Amino acid sequence: MFKALVLTQLDKQTQADVKLLPESELPEGDVLVEVSYSSLNYKDGLAITGLGKIIREFPMVPGIDFAGVVSESADPRFQPGDEVILTGWGVGENHWGGMAEKARVKADWLVPMPKGCDAAKAMMIGTAGLTAMLCVQALRQAGVTPEDGDVLVTGASGGVGSVAVTLLAQLGYRVVASSGRVEVNGDWLTALGASEVIDRSELEQDSRPLEKQRWAGVVDTVGNKVLATALAQMKYGGSAAICGLAGGFALPTTVMPFILRGVNLLGIDSVACPIEKRVKAWEQVLELLPEQYYQQACQTIGLEQLGEYAGNIVKGKVTGRVLVKV
């Protein structure tokens, strides 16, 4: 038997309960993992609360990422005792995920634990940190340098945003962090490396097709009007790496920033990211994140607290990363 957070649906309402389940109920897969830690991401919050159409089939164990130790493997790449990480691949959406003591998954979905990392640190980074690293890599590959000017990070108080602020600052960029809770998180974002913190409301106004040029680069986790305004304020030849829709999936912009300023819009997906790219991103994020990030930006909860925290994360009331000890 193992403990898991199980989502069911009754009268079109999602219910989340911690239950004891037999191992025989686990889905098919090549590798059985004893899960040590998962983490709470925005998508998990939507799934657990039922506020987003993340899960199509019930019952479902949520958790889009986890880290743990292999206990059984039918794949020669992994042996019992190996430490592994999983992020993405639809786990926690259409395949039972990491908010449980055991998970059975495909070997192709697993990444070996990098040197110098453990399960707790891996999930302090988690899907959010991996996504942030992919965003930063994309900006650098697009030619955005610290000398080009300010880089804006939207949704900076969240998981992806807080890691992005830290990574960019470590690389020497001047980071402007946008947050809806400046009075609460302003000092914290400055401690992570932001040179300036602005209120999200500055970017939520209706913008003209082109505004005064401000940003050499953008990491956007919000979408909608915030992204539209940021694009209108991009410098010539600047790039925006976009990875989220916390403010909605709409994008009320025009072609003007792209055809008159040569702005690049870089879509970032971590769910189906190729394994080679994942491994490189894990290595780089571990190299760049300072130890104080883990102390300043992470908190730990148990399975029983996930209902409360899931409600908070979709309301924008969770700061930084939430580690789930299972």
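Only a predicted model underlies this, so the values are computations on that prediction, with no experimental measurement involved.
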What's the shortest heavy-atom distance between E93 and K43, and which atoms? OE2-NZ, 3.2 Å
Donor-acceptor pair, distance only, cut-off 3.5 Å: does the side chain of Q213 make one with the backbone of Y236? yes
Min side-chain heavy-atom separation L251-L231 under 4.5 Å: yes
Please report the interatomic distance CE(M234) to CG(L210), rounded to the nearest 0.5 Å. 12.0 Å
Run the numbers on M99 and L303 for side-chain contact (heavy atoms from CB on, under 4.5 Å), then give the verdict. CA-CA 7 Å; M99 292 176 180; L303 290 177; 4.0 Å; yes
Look at the side chain of N312 and the backbone N and O of Y309, then say whether any donor-acceptor pair between them is shorter than 3.5 Å. no
Check against side-chain contact (heavy atoms from CB on, under 4.5 Å), V160 and C243: CA-CA 9 Å; V160 177; C243 64; 3.8 Å; yes
Under a 3.5 Å distance rule, please check whether D11 uses its side chain to pair with a backbone N or O of Q13 as donor and acceptor. no
Any sub-3.5 Å donor-acceptor pair from D82's side-chain atoms to V70's backbone N or O? no
When you measure from the side chain of N41 to the backbone of D44, do you find a donor-acceptor pair of N or O atoms at a distance under 3.5 Å? no
When you compare the side chain of E23 with that of L32, does any pair of heavy atoms fall below 4.5 Å? yes
How close do L152 and A230 get, heavy atom to heavy atom, and via which atoms? CD2-CB, 3.8 Å
To the nearest 0.5 Å, what is the distance between CG on L40 and OG1 on T300? 12.0 Å
State, yes or no, whether a side-chain contact exists between L266 and Q141 at a heavy-atom distance under 4.5 Å. no
Going through the checks in order, is the side chain to side chain donor-acceptor pair (under 3.5 Å) test met by T145 and D148? CA-CA 5 Å; T145 68; D148 293 333; 3.1 Å; yes
Treating R261 as the side-chain partner and Q233 as the backbone partner, does any N or O pair qualify as donor plus acceptor under 3.5 Å? no
Using the ring of each side chain (for Trp, its six-membered ring), is W109 parallel, tilted or perpendicular to W89, with breaks at 30° and 60°? parallel
Which one of T190, V176, V175 satisfies the side chain to side chain contact (heavy atoms under 4.5 Å, CB included) criterion with E196? V176
So, D65 side chain and S39 main chain: donor-acceptor pair closer than 3.5 Å or not? yes
What distance separates T229 OG1 from E202 CD, expressed to the nearest 0.5 Å? 10.5 Å
For residues W96 and L21, determine if any side-chain heavy atom of one lies less than 4.5 Å from a side-chain heavy atom of the other. yes
Write down the atom of P114, the atom of W282, and the distance for their closest heavy-atom approach. CG-CB, 4.1 Å
CG on L7 to OG1 on T14, rounded to 0.5 Å: 6.5 Å
Heavy-atom distance under 4.5 Å between the side chains of L134 and Q137, does that happen here? yes
Charged N to carboxylate O below 4.0 Å: is that the case for D17 and K19? no
Any chain of hydrophobic side-chain contacts (each under 4.5 Å) joining V153 to V226? no
Can you list the steps and then say if K121 with E291 is a salt bridge (Lys or Arg N to Asp or Glu O under 4.0 Å)? CA-CA 10 Å; K121 181 177 283 189; E291 281 302 313; 3.0 Å; yes
Rounded to the nearest 0.5 Å, what separates atom NZ in K106 from atom CG in D30? 8.0 Å
Full working for salt bridge (Lys or Arg N to Asp or Glu O under 4.0 Å) between E72 and K102: CA-CA 11 Å; E72 297 175 15; K102 294 178 184 284; over 6 Å; no
Single-linkage hydrophobic cluster, 4.5 Å side-chain cutoff, V91 and V35 together: yes
In chain order, what residues pass the salt bridge (Lys or Arg N to Asp or Glu O under 4.0 Å) check against E287, with sequence neighbours excluded? none
Using modelled atom types only, decide if a donor and an acceptor are shared between the side chain of S179 and the backbone of A156 within a distance under 3.5 Å. no
Separation between OG1 of T221 and CD1 of I268, rounded to the nearest 0.5 Å: 13.0 Å
Side-chain (S162) to main-chain (G159) donor-acceptor, under 3.5 angstrom: yes
Taking L51 as the starting point, is it possible to reach I48 by hopping between hydrophobic residues whose side chains are less than 4.5 Å apart? yes
How close do T319 and R181 get, heavy atom to heavy atom, and via which atoms? OG1-NH1, 3.1 Å
Listing request: all side-chain hydrogen bond (donor to acceptor under 3.5 Å, both in side chains) pairs with a residue in residues 238-253, at least two apart in sequence or in separate chains. S239-N264
Does V324 share a hydrophobic cluster with Y294, counting links as ILVMFWY side-chain heavy atoms below 4.5 Å and allowing steps through other members? no
Verify, without hydrogens or angle tests, whether R56 (side chain) and N94 (backbone) share a donor-acceptor contact under 3.5 angstrom. no
Salt bridge (Lys or Arg N to Asp or Glu O under 4.0 Å) partners of R208, counting only residues at least two apart: E211
Determine whether L110 and V31 make a side-chain contact, defined as any pair of heavy atoms from C-beta on separated by less than 4.5 Å. yes
Do Y173 and L189 belong together in a cluster built from hydrophobic side chains that touch within less than 4.5 Å? yes
Which heavy atom of V6 sits nearest to which heavy atom of P59, and what is that distance? CG1-CB, 3.9 Å
Would you indicate whether E183, at its atom CD, is surrounded by more than 12 heavy atoms from other residues, nucleotides or ligands within a distance under 6.0 Å? yes
